[in-house]
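Single-structure report; data block below.
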Amino acid sequence: MTELLSKPPYREMWGQYVQRRRGNGVNVRAVATFMAGELSDAAGQEMNPSQFKDSVRRALAGELVTDRTLNRFIVAFGFTPQETQDLWVSLVSARKRAGLYPSPDLELPSDSKAPSDDRVVLAQQIILNCDEYGLGQTMDVTETYLVKQDNLTLIRPVIEGHELQFEVLEGGEVTGTTSDTTLRIRDKESDIVRVYIKTPRPLRRGEIHRTRLLIHLTDTPEKDQSINFFRVGSRNNPKYEVTTIIRFKKAPEYITHCVWDELFEQPVLEEYLTPGHTHYSMYYPIMDQAFCGFRWPIVTPPETE
């Protein structure tokens with residue numbers, strides 16, 4: 001990040017906010033001031049430079065930062081697609097070196113490895129709709145694929161949840177599901193469900209295909225459960241242009257953006273978002289061996305109290 005901001009046109013963007021120049025390095029205060037102005041315009045509300053100083057300092061020092069921090073730099077400075085891609089690849093590599101992701105040589109049951117070598121996810125949008133208690137009701141998943149083999153007739157995404165019902169709105173029809181309870185990640189009631197979507201016709205190598213899957217959720221709180229979460233990730237193959245959106249009927253008390261190690265429930269990185277909103281979203285140009293999403297408190301429904 002420091003190297004990128006040291007070059008034009010980015011140096012000129014923050015350089016106008018330098019009050020006292022001390023050497024030729026990138027000025028943390030000036031960068032924070034520039035970003036506050038740009039992000040205030042984008043968000044439609046005033047932001048104080050002081051709220052960005054720590055994250056800017058960490059980024060310029062080469063320390064690990066959250067996805068949200070990197071997104072703020074990308075939005076504020078308007079980096080090119082190639083620069084954006086390089087920054088995300090660098091962040092993922094740094095997290096791997098820090099041991100935040102499981103080893104790629106980790107042995108898992110054979111059925112856990114999603115048969116995704118037949119396609120590349122070029123774009124994925126997931127919209128989770130929650131009720132007033134913070135419990136999920138539906139999840140709308142749209143994926144655009146690049147087909148990597150001839151005569152592809154089945155697309156098999158993997159979903160985690162409990163008593164899920166599936167409806168394909170675009171790109172095929174559901175022909176069945178399988179479940180593997182040995183790979184439960186969230187809790188003892190959740191399953192890993194593989195959905196079998198039959199394409200309208202055999203797809204050729206190099207074709208672009210899109211599916212839209214509506215998932216009806218049975219999201220009921222466990223005894224003493226006070227936190228809910230939603231995450232998306234990539235275990236074996238990278239995904240590109242991933243957008244996650246969560247909508248609440250009533251704003252949660254608080255909400256955090258998280259990065260998870262796939263084998264543990266506690267996030268390895270967590271950042272509190274601005275409370276009081278009913279819509280939150282995140283965008284990831286690339287996601288590789290990472291699980292990212294949100295955590296928020298739930299309100300116990302009256303019938304379960």
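The analysis underlying the following values was restricted to heavy atoms, covering all of them including side chains, and did not include hydrogens, waters or symmetry mates.
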Determine the minimum heavy-atom distance between [X] and [Y], stating which atoms define it.
| X | Y | value |
| --- | --- | --- |
| A32 | P49 | CB-O, 3.7 Å |
| I245 | F230 | O-CE2, 4.3 Å |
| I298 | N228 | CG2-CB, 3.3 Å |
| L128 | G136 | CD1-CA, 4.3 Å |
| L122 | I208 | CD1-CD1, 3.6 Å |
| M139 | I159 | CE-CG2, 4.1 Å |

Taking the side chain as every heavy atom from C-beta outward, state whether [X] and [Y] have any atom pair closer than 4.5 Å.
| X | Y | value |
| --- | --- | --- |
| L5 | K7 | no |
| E270 | H257 | no |
| D118 | Y145 | no |
| T256 | L273 | no |
| T244 | S281 | no |
| V31 | Y17 | no |
| T278 | R247 | no |
| F166 | V193 | yes |

Starting from [Y], can I reach [X] by hopping between I/L/V/M/F/W/Y residues whose side chains sit under 4.5 Å apart?
| X | Y | result |
| --- | --- | --- |
| Y240 | L146 | yes |
| L214 | I246 | no |
| L217 | L169 | no |
| I286 | I126 | yes |
| M35 | V18 | yes |

**OP:** Dump the intermediate steps for side-chain hydrogen bond (donor to acceptor under 3.5 Å, both in side chains) on E3 and S6, then the final yes or no.
**Re:** CA-CA 5 Å; E3 181 181 358; S6 298; over 6 Å; no

**OP:** Pick out which of V168, T175, I155 makes a side chain to side chain contact (heavy atoms under 4.5 Å, CB included) with K198.
**Re:** T175

Using only atom types and a distance under 3.5 Å, with no angle test, would you say the side chain of [X] pairs donor to acceptor with the backbone of [Y]?
| X | Y | result |
| --- | --- | --- |
| Q124 | V121 | no |
| S90 | D86 | no |
| T2 | L60 | yes |
| N27 | A30 | yes |
| S40 | M47 | yes |
| D54 | R57 | no |
| K239 | G233 | yes |

**OP:** Mind running side-chain contact (heavy atoms from CB on, under 4.5 Å) on R72 and L39 for me, showing each step along the way?
**Re:** CA-CA 8 Å; R72 283 172 170 170; L39 295 173; 3.9 Å; yes

Subject >> Separation of I197 CD1 from T211 OG1 (nearest 0.5 Å) >> reply: 5.0 Å

**OP:** To the nearest 0.5 Å, tell me how far K250 NZ sits from C130 SG.
**Re:** 14.0 Å

Original post:
Applying the ring-ring contact (aromatic ring centres under 6.0 Å, His included) test to W296, which of Y254, Y280, Y133, F248 qualifies?
Top reply: F248

Original post:
Cut-off 3.5 Å, side chains only: do T142 and Q125 have a donor facing an acceptor?
Top reply: no

Original post:
With distance as the sole criterion, is a donor-acceptor pair present between the side chains of E241 and Y283 under 3.5 Å?
Top reply: yes

Subject >> Check against side-chain contact (heavy atoms from CB on, under 4.5 Å), L70 and I74 >> reply: CA-CA 6 Å; L70 185 51; I74 293 168; 4.0 Å; yes

Tell me, yes or no, whether the heavy-atom count around [X] atom [atom1], taken from other residues, nucleotides or ligands under 6.0 Å, exceeds 12.
| X | atom1 | answer |
| --- | --- | --- |
| E253 | CD | no |
| R204 | CZ | no |
| Q165 | CD | no |
| R58 | CZ | yes |

Original post:
Which is it for F79 and Y10 under the ring-ring contact (aromatic ring centres under 6.0 Å, His included) test, yes or no, and what are the steps along the way?
Top reply: CA-CA 9 Å; F79 297 133; Y10 309 118; 4.9 Å; yes

Original post:
So, W14 versus F77, ring centres under 6.0 angstrom or not?
Top reply: no

Original post:
Is the centre of the F229 ring less than 6.0 Å from the centre of the F294 ring?
Top reply: no

**OP:** Kindly determine whether E143 and R210 satisfy salt bridge (Lys or Arg N to Asp or Glu O under 4.0 Å), including the steps that lead there.
**Re:** CA-CA 6 Å; E143 293 186 313; R210 186 170 75 168; over 6 Å; no

Subject >> H209 and T199: CA distance, side-chain angles, deciding distance, side-chain contact (heavy atoms from CB on, under 4.5 Å) verdict >> reply: CA-CA 9 Å; H209 185 69; T199 60; 4.3 Å; yes

**OP:** Any chance you could lay out the salt bridge (Lys or Arg N to Asp or Glu O under 4.0 Å) test for R119 and E207, step after step, and finish with the verdict?
**Re:** CA-CA 10 Å; R119 66 194 187 279; E207 273 195 74; over 6 Å; no

Original post:
Going through the checks in order, is the side-chain contact (heavy atoms from CB on, under 4.5 Å) test met by L4 and E83?
Top reply: CA-CA 8 Å; L4 191 57; E83 290 166 342; 3.6 Å; yes

